[in-house]
Trainee: 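This is the structure I want to talk about, given as C-alpha cells.
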Amino acid sequence: MSAVSSRLPVFPWDKLEPYKKTAAAHPDGIVDLSVGTPVDPVPELIRRALVEAADSPGYPTVWGTAALRDAITGWCERRLGARGIAHPNVLPVVGSKELVAWLPTQLGLGPGDKVAYPRLAYPTYEVGARLAGATPVVYDDPTELDPAGLRLLWLNSPSNPTGRVIGKDELTRIVAWAREHGVLLLSDECYLELGWEADPVSVLHEDVCGGSYEGIVAVHSLSKRSNLAGYRAAFVAGDAAVLGELLQIRKHGGMMTPAPVQAATVAALGDDAHVREQRERYAERRAALRTALVAHGFRIEHSEASLYLWATRDEPCWDTVGYLAGLGVLVAPGDFYGAAGERFVRVALTATDERVAAAVKRLA
C-alpha cells in the first residue's frame, strides 16, 4: 500500500502538546486560546429544529432538501448581496474543512496542476493540494502568479490566521484576473459575519462578480457564526457548472449532510438575532484580550475581522508560546500557518468569559 499520509506535513497541533501540559499546570488551570473551537451554547431554536427532525430513518440527499437550498439561497441574497442565486448555485457540505481538503481531488486535479493559497493561510489548503498530488503554491498577490498550470486559486477573507480583509476593489480585480486566465477561484468566507474594524465583502456580491458566478465559488460555515462546529454544517455557493460536477461526484461518495443537521441549518440561516448575540460576546472578549495583550507589550497586526488576534512580541513564535504557557495561556504559533508567521502567535477569542477574564488577569 502507498502511504498517502507521506505526502502530508506533520499534523501541526501535535507539536503543542508539551506546551498544553505546561499551561494546564497553572494553579488556576489552563486558558486555551489556541484552537478556535466554539464554547458557547448552541442557540435554542437550532437545537429545537435538530430534535424535531431526529426521527429521520431514511437516507438524506447530497443536494439537501428544497427547504435547505431555499435557506441557503435566501441567506446568500440577503447577507452576501448575491443576486439571482438559485438552487443549482448551492451545495451543502459536511463541514468546510472536508470540502477544502478534498476539493482538488474531486475536481480531478493531480500532478502538473497547481493550487495557490495565501502565504499565511489555513494549513488545509496545502493539505488538499498534496492529497490530490498537485503542486501547492503560495502568494502575496494572486494576480502576480504565473497562471500556467494554475487550476485552483484560494482566497481567504477574513483571513485565518491574520484577520485581514480583502476590500471590494481588490476582490473585483482578483476575480477579473482569474476569469481572464481561466483559473477557478474559491473564496473561503467562513468568518464573514465577524468583521470588527472592516466590513467583509463576499466574492458573490454583485459589485464584485458583476452578477455572474462563472468561475467563482464561495465557502461558508455555520461553525463560528452559530456555534455549530459539532454539527459539521457548511455549504458552497457559486458557479452552477462546478457545483453540478461536485454534486455528481459527492453522490457517488455518499457525502451527505445528516437530515437533522439540514433542518438545524435551515433554522440557523433563517435567524439573524442569535448571530448578533454571538458577535457581541466575541466583541467583548476581543476588546478585553486586545487591551491586555497590548498593555503587556504585544503588537497586534491586521485582526480587523475573524475570531483571532494576530500578535507578536518580535521574537520567535515558539518562544512566545512557551512564555504564555508559563502564564497558563495556550496560543497557536504563527508558523503553523506558514513560515511568514514565525514571529507571531494566533490568539483565539473562543474561550468563556470567565477564562478570558483569567487570561486578562494573568497578563496584567
Trainee: Are more than 12 heavy atoms from other residues, nucleotides or ligands located less than 6.0 Å from atom CD of E98?
Mentor: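 Yes, the 6.0 Å shell around CD holds more than 12 heavy atoms from other groups.
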Trainee: For E280, enumerate each residue passing the salt bridge (Lys or Arg N to Asp or Glu O under 4.0 Å) test, keeping only those at least two apart in sequence or located in another chain.
Mentor: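 Salt bridge (Lys or Arg N to Asp or Glu O under 4.0 Å) check on E280 returns nothing, list empty.
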Trainee: Could you state whether L349 and L33 fall into the same hydrophobic cluster, counting links through intermediate Ile, Leu, Val, Met, Phe, Trp or Tyr residues with side-chain heavy atoms under 4.5 angstrom apart?
Mentor: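 Same cluster: L349 reaches L33 through Ile, Leu, Val, Met, Phe, Trp or Tyr contacts under 4.5 Å.
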Trainee: Could you name each residue pair satisfying ring-ring contact (aromatic ring centres under 6.0 Å, His included) that touches residues 35-56, not counting sequence neighbours?
Mentor: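 Not a single pair qualifies under ring-ring contact (aromatic ring centres under 6.0 Å, His included).
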Trainee: Which pair of heavy atoms, one from S212 and one from I216, lies closest together, and at what distance?
Mentor: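 Shortest heavy-atom separation between S212 and I216 comes out as O-CD1, 3.9 Å.
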Trainee: For residues 285-297, which residue pairs qualify under side-chain hydrogen bond (donor to acceptor under 3.5 Å, both in side chains), counting only residues two or more places apart or in two chains?
Mentor: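 Qualifying pairs: D40-R285, E197-R286, R285-D353, H296-Y323.
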Trainee: Are there over 12 heavy-atom neighbours, none belonging to D14, within less than 6.0 Å of that residue's CG?
Mentor: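 More than 12 within 6.0 Å, yes.
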Trainee: Can you see which heavy atom on S96 is nearest to which on A234, and at what distance?
Mentor: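 Taking S96 first and A234 second, the nearest heavy atoms are N-CB, 3.5 Å.
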Trainee: Tell me, do V31 and V356 make a side-chain contact under 4.5 Å, heavy atoms counted?
Mentor: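 Heavy-atom side-chain distance check fails, nothing below 4.5 Å.
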Trainee: What's the separation between atom CD in E17 and atom OG1 in T22, rounded to the nearest 0.5 Å?
Mentor: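 The CD atom of E17 sits 11.0 Å away from the OG1 atom of T22.
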Trainee: Give, for atom CD of Q106 and atom NE2 of H252, the distance between the pair rounded to the nearest 0.5 Å.
Mentor: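 Q106 CD to H252 NE2: 12.0 Å, rounded to 0.5 Å.
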Trainee: Measuring from Y125:OH to L186:CG, what's the distance to the nearest 0.5 Å?
Mentor: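 The distance works out to 9.0 Å.
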Trainee: Among residues at least two apart in sequence or on other chains, which ones pass salt bridge (Lys or Arg N to Asp or Glu O under 4.0 Å) with D272?
Mentor: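 Only R78 meet the salt bridge (Lys or Arg N to Asp or Glu O under 4.0 Å) criterion with D272.
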Trainee: Within the structure provided, determine whether T320 and T312 are in side-chain contact (heavy-atom separation under 4.5 Å).
Mentor: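 Not in contact.
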Trainee: As a quick check of understanding, evaluate side-chain contact (heavy atoms from CB on, under 4.5 Å) for L120 and F344, giving each step before the final call.
Mentor: CA-CA 11 Å; L120 278 167; F344 285 80; over 6 Å; no
Trainee: Assess the residue pair Y122 and K97 against the criterion (side-chain contact (heavy atoms from CB on, under 4.5 Å)); give the C-alpha distance rounded to whole Å, side-chain angles, the decisive distance to 0.1 Å, and a yes or no.
Mentor: CA-CA 10 Å; Y122 182 47; K97 184 169 185 175; 3.2 Å; yes
Trainee: Between the main-chain N or O of P158 and the side-chain N or O of N156, is there a donor-acceptor pair closer than 3.5 Å?
Mentor: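 Flag set: sc N156 to bb P158 pair under 3.5 Å.
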Trainee: Are L50 and I72 grouped together when hydrophobic residues (ILVMFWY) are joined by side-chain heavy atoms under 4.5 angstrom apart?
Mentor: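 Yes, L50 connects to I72 through the hydrophobic network.
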Trainee: Holding to side-chain hydrogen bond (donor to acceptor under 3.5 Å, both in side chains), I want the full list of residues that pass it with K168, two or more places apart in sequence or in another chain.
Mentor: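 Once residues adjacent in sequence are excluded, the partners of K168 under the side-chain hydrogen bond (donor to acceptor under 3.5 Å, both in side chains) criterion are D207.
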Trainee: I'd like to know if E189 pairs up with R79 as an ion pair, taking the criterion as any Lys NZ or Arg NE/NH1/NH2 lying under 4.0 Å from an Asp or Glu carboxylate oxygen.
Mentor: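 Looking at E189 and R79, the cut-off is not met.
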Trainee: Please list, chain by chain and in numerical order, all residues satisfying ring pair (Phe, Tyr, Trp, His ring centres under 6.0 Å) with Y213, sequence neighbours excluded.
Mentor: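 For Y213 there are no ring pair (Phe, Tyr, Trp, His ring centres under 6.0 Å) partners, ignoring immediate neighbours.
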Trainee: Are any of the side-chain heavy atoms of P161 and S159 separated by less than 4.5 Å?
Mentor: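 Yes; the side chains approach each other to less than 4.5 Å.
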Trainee: Under 3.5 Å, side chain of N89 to main-chain N/O of G238, donor-acceptor pair present?
Mentor: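 Here the side-chain-to-backbone pair exists.
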Trainee: Rounded to the nearest 0.5 Å, what's the gap from CD on Q262 to OG1 on T65? Could you check?
Mentor: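 OG1 of T65 is found 5.0 Å from CD of Q262.
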Trainee: Kindly write out the residues that satisfy salt bridge (Lys or Arg N to Asp or Glu O under 4.0 Å) with E180, not counting sequence neighbours, or none if the list is empty.
Mentor: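 In terms of salt bridge (Lys or Arg N to Asp or Glu O under 4.0 Å), with neighbours along the sequence ignored, E180 is linked to no residue.
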Trainee: How would you list, by chain and number, every residue that makes a ring pair (Phe, Tyr, Trp, His ring centres under 6.0 Å) with Y117, sequence neighbours excluded?
Mentor: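 None.
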Trainee: Show your reasoning for whether salt bridge (Lys or Arg N to Asp or Glu O under 4.0 Å) applies to R355 and D28.
Mentor: CA-CA 10 Å; R355 287 289 82 188; D28 186 38; 3.2 Å; yes
Trainee: Name the residue from V115, T124, L184, L185 that meets the side-chain contact (heavy atoms from CB on, under 4.5 Å) definition with W154.
Mentor: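 That would be V115.
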Trainee: Please say yes or no: joined through hydrophobic side-chain contacts below 4.5 Å, possibly via intermediate residues, are V242 and V219 part of one cluster?
Mentor: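 Yes; V219 is reachable from V242 via cluster members.
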Trainee: Between D169 and R173, does the side-chain contact (heavy atoms from CB on, under 4.5 Å) criterion hold? Intermediate values first, please.
Mentor: CA-CA 6 Å; D169 291 345; R173 177 176 65 88; over 6 Å; no
Trainee: Would you check if E170 and L155 make a side-chain contact, meaning some heavy-atom pair closer than 4.5 Å?
Mentor: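 No, side chains not in contact.
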Trainee: Do the side chains of V266 and L80 join up, straight or via other hydrophobic residues, at under 4.5 Å, putting them in one cluster?
Mentor: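 Per the 4.5 Å side-chain linkage, V266 and L80 are co-clustered.
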Trainee: Go through the structure and list residues passing ring pair (Phe, Tyr, Trp, His ring centres under 6.0 Å) with F336, not counting sequence neighbours.
Mentor: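 By the ring pair (Phe, Tyr, Trp, His ring centres under 6.0 Å) rule, F336 matches W13, W318.
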Trainee: State, with a plain yes or no, whether a side-chain heavy atom of V90 is found less than 4.5 Å away from one of F235.
Mentor: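 They are not in side-chain contact.
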Trainee: Ignoring hydrogens, what is the shortest heavy-atom contact between A54 and P260? Give both atom names and the distance.
Mentor: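 That closest heavy-atom pairing would be CA-CG, 4.2 Å.
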Trainee: Return yes when atom CH2 of W102 has more than 12 non-hydrogen atoms of other residues, nucleotides or ligands closer than 6.0 Å, and no otherwise.
Mentor: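 Count not over threshold, so no.
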Trainee: Tell me, do L222 and L269 make a side-chain contact under 4.5 Å, heavy atoms counted?
Mentor: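 Yes, side chains in contact.
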Trainee: Ignoring hydrogens and angles, tell me if any N or O in the side chain of R362 forms a donor-acceptor pair with the backbone of G328 under 3.5 Å.
Mentor: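 Indeed, once roles are kept as given, a pair shorter than 3.5 Å links the two residues.
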Trainee: Can you sort out the partners of W177 under ring pair (Phe, Tyr, Trp, His ring centres under 6.0 Å), two or more places apart, ordered by chain and number?
Mentor: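 W177: ring pair (Phe, Tyr, Trp, His ring centres under 6.0 Å) contacts with H181.
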Trainee: Flag the pair V236 / L103 as yes when at least one side-chain heavy-atom distance between them is below 4.5 Å, and no otherwise.
Mentor: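 Not in contact.
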Trainee: If you take all heavy atoms of L145 and A116, which pair is closest and at what distance?
Mentor: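 Looking at all heavy atoms of both residues, the closest pair is CD1-CB, 3.6 Å.
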Trainee: Starting from the C-alpha separation in whole Å, work towards a yes-or-no answer on side-chain contact (heavy atoms from CB on, under 4.5 Å) for W196 and E304.
Mentor: CA-CA 5 Å; W196 312 116; E304 60 258 33; 5.9 Å; no
Trainee: Please tell me whether L307 and L324 are part of a single hydrophobic cluster in this structure, the criterion being side-chain heavy atoms less than 4.5 Å apart.
Mentor: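 Shared cluster, yes.
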Trainee: Are the ring centres of Y191 and Y308 closer than 6.0 Å?
Mentor: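 Centroid separation for Y191 and Y308: below 6.0 Å.
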Trainee: Restricting to non-hydrogen atoms, name the atom on S223 and the atom on R232 that form the minimum distance, rounded to 0.1 Å.
Mentor: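 Smallest interatomic distance, heavy atoms only, reads OG-NH1, 3.6 Å.
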Trainee: Can any side-chain N or O of R179 pair as donor or acceptor with the backbone N or O of C209 at less than 3.5 Å?
Mentor: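 Such a contact is found between R179 side chain and C209 backbone.
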Trainee: Do the non-hydrogen side-chain atoms of V331 and Y19 ever get within less than 4.5 Å of each other?
Mentor: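 Side-chain contact under 4.5 Å: no.
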Trainee: How far does OG of S303 sit from CZ of R346, to the nearest 0.5 angstrom?
Mentor: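 Spacing of OG (S303) from CZ (R346) equals 11.0 Å.
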Trainee: Got a donor-acceptor contact below 3.5 angstrom from the K224 side chain to the L194 backbone?
Mentor: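 Flag not set: sc K224 to bb L194 has no pair under 3.5 Å.
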Trainee: How about H274 and S226: does a side-chain donor come under 3.5 Å of a side-chain acceptor?
Mentor: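 On atom types as modelled, these side chains qualify, holding a pair under 3.5 Å.
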Trainee: Between side-chain atoms of residues 128-137 and protein atoms elsewhere (two or more places apart, or another chain), which donor-acceptor pairs fall under 3.5 Å?
Mentor:
{"unit_1": "R130", "atom_1": "NE", "unit_2": "E126", "atom_2": "OE2", "d": "2.7"}
{"unit_1": "R130", "atom_1": "NH2", "unit_2": "E126", "atom_2": "OE2", "d": "3.2"}

Trainee: Return the set of residues passing side-chain hydrogen bond (donor to acceptor under 3.5 Å, both in side chains) with R343 (not counting sequence neighbours), or none when no residue passes.
Mentor: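 By the side-chain hydrogen bond (donor to acceptor under 3.5 Å, both in side chains) rule, R343 matches no residue at all.
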Trainee: Give the minimum heavy-atom separation between T350 and G36, together with the two atoms involved.
Mentor: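 Nearest heavy atoms, T350 then G36: OG1-CA, 3.3 Å.
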